[in-house]
Each structure stands twice: as structure tokens, then as C-alpha cells.
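In what follows, a single structure is set out as C-alpha cells and then discussed.
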Amino acid sequence: MAVEHSLTQPGEQTRIHNIGYRNYDGPRLGRAYARRSLYSQSLRGAYGLGRSVKSKVLPMLLFVVMCVPALIMVAVAVATKAKDLPVDYTRYAIIMQAVIGLYVASQGPQSVSRDLRFKTVPLYFSRPIETVDYVRAKYAALASALFILTAAPLIVLYVGALLAKLDFADQTKGFGQGLVSVALLSLLFAGIGLVISAVTPRRGFGIAAVIAALTISYGAVSTVQAIAFDQSSTGAVPWLGLFSPITLIDGVQTAFLGATSAFPGGEGPSSGQGVVYLLVVLGLIAGCYGLLMRRYRKVGL
């Protein structure tokens, strides 16, 4: 039905059209369903699933790059009938830290920067999602994507070790330690990547800042540690490791997971220093979560 009303000025008309909108009478799935949906879509988006082919290229390429060295190591171990793998499970992520940092730099801003740029965050918070739901879903999605990226090559190494008939107990123990290490790394890197990405809606700035925080900081800290070691200041080497995310993970797994340290001289933190490392890592994870909550409370207003 169309109803026409004449305005005060001749020749101008306004029309009200009944286009038949109906109220929704179906089931309300609530916050939990919305949170799960946001998590699953964000996780899929971290690998370009459900998006354009162009969006799939980089994350899938990085996933392949992470797994190819593990496949080569397994092939060498099987062919040469080696008694052990060339690299420990806990060392693999440290060696491939540049690839992991690049992945976080590319997918962290992708996860949150577009929502900020196009000002769609308040629409999420209109109903039923609240700030805590959005932050938890985004954090969990990126951490899960990182865990998939870092755990997949460990699975390749573990399966290859069993095919090479290496000691089952030793390999299972090492594999479990490696999973604990990459789980902690995933939580830490996801938090840092999201906090930096949430500061600016410009994806390019976010990518550069994440690379600086993760990859460049590792190079800087490793260089200073090497200088301190050459100057016989070995006592300072473990404490310098507190200033880079990847050396923090290295210190924790050296102190508590029986890993071999990548620090100069191969001497990582002691058990007492390892407690400090662990507290710093857990504090950073909690701090990143808190900063994200504060950021999105302001954005959602």
C-alpha cells in the first residue's frame, strides 16, 4: 500500500511504502552462539578460507614454508636411519621465528584493522555480543591459527620419527614439550599482534609495527646478548632475553621443558630465572588481554 501526502510546496510529494517487514519470531541463539560464530569466522579468515584467492596465498604459503623443513628433516632421518631427529621439537619454532612473526604481522591486522577502519565494531556490540565476547573470540581465533601453524610441523616431525623407528618414549616426551612451548608462544604472539593491530585502523602501519615488535626485537636482543657474551658478561645474557618475545619463550622452555637454549654459549636461564621468565610471559598475555578490553570499550562507545 502506498500513501501519498502533499507537501506545502506544489509539485513535491512524499510516499510511505509498506514493504512488508516482519518481526523475527524464531529462536534467539544468544551470545554464546554469536561468540562461536565470530571465533570460527576469524579462524577461517586467518587462513583465507571463505575469502578471495588472493587472501589465501600468503597464509597458505607461510604454512607450507613452516612444514617443508620438517618434511626434509624427516626424509633425511628415514633415509640415513638416524638415531635422533636433527632438531629438537622445542627448537623448531625458535628456528622458524621469522616465518611465525611474518604470519602474525599479516593476519593480526587483518583480524581487527578492517573492523576499526570501516567502523563496524559498534555494530558487533549493538546486540547480543559484548566487548568481552569480541575480544575473546578474536584472541582465541588468532592464537588457534598460530597454534595450527606451529604445531603442524611438530606433528610431521613426530610421525616421521615414529616411521624412522626412533625411541617412542623419548619422541613422545619431546613432542609433548614442543606442543606446550608452541601453545605458550601462540598465546603471547597473538596477544602482542592484536594489541598492536588494534591501535591503528591502517593495516600497513600495523604490519610494520608487529614485525618490529616480534622479529626485529629478536635480532636486536640476540646481537646484544652476543656482545655481552664476547665481553665475558655471561651473567647479563639471560636477563637480556627478557626484552624479546621469542627469547622469552626460549628461556621458559629451557628452564622448564628441558630444551637447549639458543642463547650465546647455549646457557639459558636457571630455574630461578626461569620463574621470572614465566611470570613475564604470563603477565604479558594478561596485559595484552586487558589492553584489548580497554581499547574496545572505547571503540564500542
| message | Walk me through whether D84 and D167 qualify under side-chain contact (heavy atoms from CB on, under 4.5 Å). | response | CA-CA 8 Å; D84 203 354; D167 186 77; over 6 Å; no
| task | Might you work through the side-chain hydrogen bond (donor to acceptor under 3.5 Å, both in side chains) test for S144 and Y39, ending with a clear yes or no? | result | CA-CA 10 Å; S144 298; Y39 166 79; 2.8 Å; yes
| task | Please lay out, stage by stage, how Q97 and I249 fare under the test side-chain contact (heavy atoms from CB on, under 4.5 Å). | result | CA-CA 11 Å; Q97 57 84 24; I249 299 299; over 6 Å; no
| query | Could you walk me through whether L38 and D133 pass the side-chain contact (heavy atoms from CB on, under 4.5 Å) check? | reply | CA-CA 9 Å; L38 182 59; D133 301 313; over 6 Å; no
| Polar side-chain atom of R51 near backbone of A46 as donor-acceptor pair, under 3.5 Å | no
| Is it the case that one hydrophobic cluster holds both F189 and I95, taking links as side-chain heavy atoms less than 4.5 Å apart, direct or via other members? | yes
| request: Take atom CZ of F205 as the centre, draw a 6.0 Å sphere, and report whether it contains more than 12 heavy atoms from other residues, nucleotides or ligands. | output: no
| Which heavy atom in A209 sits nearest to a heavy atom in I196, and how many Å separate them? | CB-CG2, 3.3 Å
| field | Gap between atom OG of S197 and atom NZ of K138 - 0.5 Å precision | value | 11.0 Å
| Counting distance only, does the side-chain N/O of S111 pair as donor-acceptor with the main-chain N or O of Q107 below 3.5 Å? | no
| query | If you group Ile, Leu, Val, Met, Phe, Trp and Tyr by side-chain heavy-atom gaps below 4.5 Å, do L163 and V76 land in one group? | reply | no
| task | Please round to the nearest 0.5 Å and tell me the distance separating atom CD1 of I285 and atom OH of Y139. | result | 5.5 Å
| query | Looking only at heavy atoms, what is the nearest atom pair of S217 and S244, with distance? | reply | OG-OG, 3.6 Å
| task | Using a cut-off of 6.0 Å, state whether more than 12 heavy atoms not belonging to K173 lie near its atom NZ. | result | no
| message | Using a 3.5 Å distance criterion without hydrogens, assess whether the side chain of Y92 forms a donor-acceptor pair with backbone atoms of A70. | response | yes
| said: For a side-chain contact (heavy atoms from CB on, under 4.5 Å) check, start with the C-alpha distance between V74 and L157, then their side-chain angles and the critical distance, and finish with the verdict. | reply: CA-CA 6 Å; V74 165; L157 289 174; 4.2 Å; yes
| Nearest 0.5 Å, what's the NZ-CG distance between K83 and L166? | 11.0 Å
| query | Is there a chain of hydrophobic side chains (I, L, V, M, F, W, Y, each step under 4.5 Å between heavy atoms) that links M66 to I72? | reply | no
| For A198, does its backbone N or O pair with a side-chain atom of R295 as donor and acceptor, under 3.5 Å? | yes
| Same hydrophobic cluster for V68 and I100, using side-chain heavy-atom links shorter than 4.5 Å among ILVMFWY? | no
| field | Within one Ile-Leu-Val-Met-Phe-Trp-Tyr cluster: L184 and V280, side-chain cutoff 4.5 Å | value | yes
| Would you say the side-chain atoms of S40 pair up with the backbone N or O of R36, donor to acceptor, closer than 3.5 Å? | yes
| request: Quick one: pull up CG in L102 and CG in L62 and give me the separation to the nearest 0.5 Å. | output: 5.0 Å
| task | Can you sort out the partners of Y103 under ring-ring contact (aromatic ring centres under 6.0 Å, His included), two or more places apart, ordered by chain and number? | result | Y47
| Which residues satisfy the ring-ring contact (aromatic ring centres under 6.0 Å, His included) test with Y134, sequence neighbours excluded? | Y124, F125, Y296
| task | Specify the closest pair of heavy atoms between L179 and F147, including all atoms of both residues, with the distance to one decimal. | result | O-CE1, 3.8 Å
| message | As an exercise, state the distance from OH of Y277 to CG of L282, rounded to the nearest 0.5 Å. | response | 14.5 Å
| said: I need the minimum non-hydrogen distance between I94 and A262, along with the two atoms involved. | reply: CG2-CB, 4.1 Å
| Under 3.5 Å, is there a donor-acceptor pair between the side chain of Q171 and the main chain of A161? | no
| request: Give me the ring orientation class for Y89 and F175: parallel if the planes are under 30° apart, tilted from 30 to 60°, perpendicular past 60°. | output: perpendicular
| request: State whether a side-chain donor-acceptor pair under 3.5 Å links Q253 with T90. | output: no
| request: Considering non-hydrogen atoms only, spot the tightest contact between L146 and A190 and give its length. | output: CD1-N, 3.6 Å
| remark: Closest heavy-atom pair, P69 versus M96, reported as atoms and distance to 0.1 Å, is CG-CE, 4.0 Å
| Does Q273 use its side chain to pair, donor to acceptor, with the backbone of S270 at less than 3.5 Å? | yes
| request: Using modelled atom types only, decide if a donor and an acceptor are shared between the side chain of D115 and the backbone of V112 within a distance under 3.5 Å. | output: no
